[in-house]
Amino acid sequence: MTQHVSPPRDTAGPTPPARLPVWRGLPARADLRTLSLLGVLAALVVIGGVTKPDEFLDTRNLQLVLTQASVIGVVTVGMTFVITSGGIDLSVGAIVALASVWATTVATQEYGFAGILFTAVVVGLGCGLVNGLLIAYGGMVPFIATLAMLASARGLALQITDGKTQIVSVEGILNLGERDSYVLGVPPLVLVFASVTVLGWLLLNRTTFGRRTVAVGGNAEAARLAGIDVRRQRLYLYLLSGLCCGIAAFLLIVLSGSGQNTNGNLYELDAIAAAIIGGTLLSGGRGTVTGSVLGVLIFTTITNIFALNNLQSDVQQIAKGAIIVAAVLVQRRTASTT
């Protein structure tokens, strides 16, 4: 005997529309953020052009702005990776100072251009290695480990120089700062900055290394369960930050023609601030090299405008602080709506 089974009744009501995953909206928000930063930068250019048209818009002044942005910009690229992973590096300014004075000692300058470049990079990598080992394998909190490096590197830089400025006498280094070395009107330091920016963008957005960095910053435990060696990844990130500091130290040597223990003062704050207003989350899990670079250009342009208009530095610091607070509030509002 055949039994007739009635179809199950649908008691759940109409199926709600599928909700798009949060990540689908990230490109649009990133584009909007980039456009906003470009708008701020354009507004600053207009302000500079209106207040000091002959001086601000002069080709040499614009070259100066880009050159000054290059040193802190390279540091900021490395800082962006560290913050994206959920870490922090307070020692970048001190590492720049230590690398610059170690690379400009009399003994180092005897090896010429290559010796100075090699020493600056190796010192930066060495400091990054110590930070990475302490944090990744020593279990130290990034804030404490890098704060200890800040104090140690500053003290060692002071000991090497004995508080004196070390003048560079290598012709190859000094020539890089001359206008004759410009390529189509672009200073060599700006070309290096542009190269580091492009490589940093590709590394963060187009490689497995970048995806692992974002994963570690978003949820380190989930990244570990997914097969990512979180400790090794963090070690690599602080090595990368140290490398950027070494490159920045070399650029600073070219720019100033000397090495001083006071080099890189407050670079850590400027780099963190530029990354924040660029859209990199302090809590980790999201980073943008493009936004960080725009943040550097915004701060450098503000400094230049204030200098041309003979405004006091304390007002400049207040303006920077207001920008940082506004950027953090925007980040919190964005995070609460996702």
Polar side-chain atom of [X] near backbone of [Y] as donor-acceptor pair, under 3.5 Å:
X: R234; Y: I135; answer: no
X: N219; Y: E221; answer: yes
X: T207; Y: G210; answer: yes
X: S241; Y: L237; answer: no
X: Q260; Y: V101; answer: no
X: N309; Y: I305; answer: yes
X: T280; Y: T84; answer: no
X: R224; Y: D229; answer: no

Side chains of [X] and [Y], heavy atoms from C-beta outward: is any pair under 4.5 Å?
X: L281; Y: I83; value: no
X: T119; Y: V123; value: yes
X: T76; Y: V293; value: no
X: I95; Y: N131; value: yes
X: F193; Y: T67; value: no
X: L41; Y: L37; value: no
X: V82; Y: Y238; value: yes
X: Q166; Y: I160; value: yes

Polar contact flag, side-chain donor to acceptor under 3.5 angstrom, [X]-[Y]:
X: Q233; Y: T213; answer: yes
X: N61; Y: N304; answer: yes
X: S292; Y: T80; answer: yes
X: T105; Y: T108; answer: yes
X: D89; Y: T146; answer: no
X: S169; Y: Q109; answer: yes
X: S100; Y: N263; answer: yes

* **Which residues share a ring-ring contact (aromatic ring centres under 6.0 Å, His included) with F143, sequence neighbours left out** => none
* Structure fact -> Joining Ile, Leu, Val, Met, Phe, Trp and Tyr whenever any side-chain heavy atoms lie under 4.5 Å apart, the cluster holding V216 also takes in I228, V230
* Taking it one step at a time, do L308 and T51 satisfy side chain to side chain contact (heavy atoms under 4.5 Å, CB included)? -> CA-CA 9 Å; L308 291 178; T51 56; over 6 Å; no
* Checking side chain to side chain contact (heavy atoms under 4.5 Å, CB included) for the pair L235/L129: CA distance, chi angles, key distance, verdict? -> CA-CA 7 Å; L235 174 62; L129 176 62; 3.9 Å; yes
* OH (Y137) with more than 12 external heavy atoms under 6.0 Å -> yes
* To do: Identify which one of I173, V74, L189, V121 satisfies the side-chain contact (heavy atoms from CB on, under 4.5 Å) criterion when paired with F250.
  => I173
* Parallel, tilted or perpendicular: which fits the ring planes of F209 and F81, with parallel below 30° and perpendicular above 60°? -> tilted
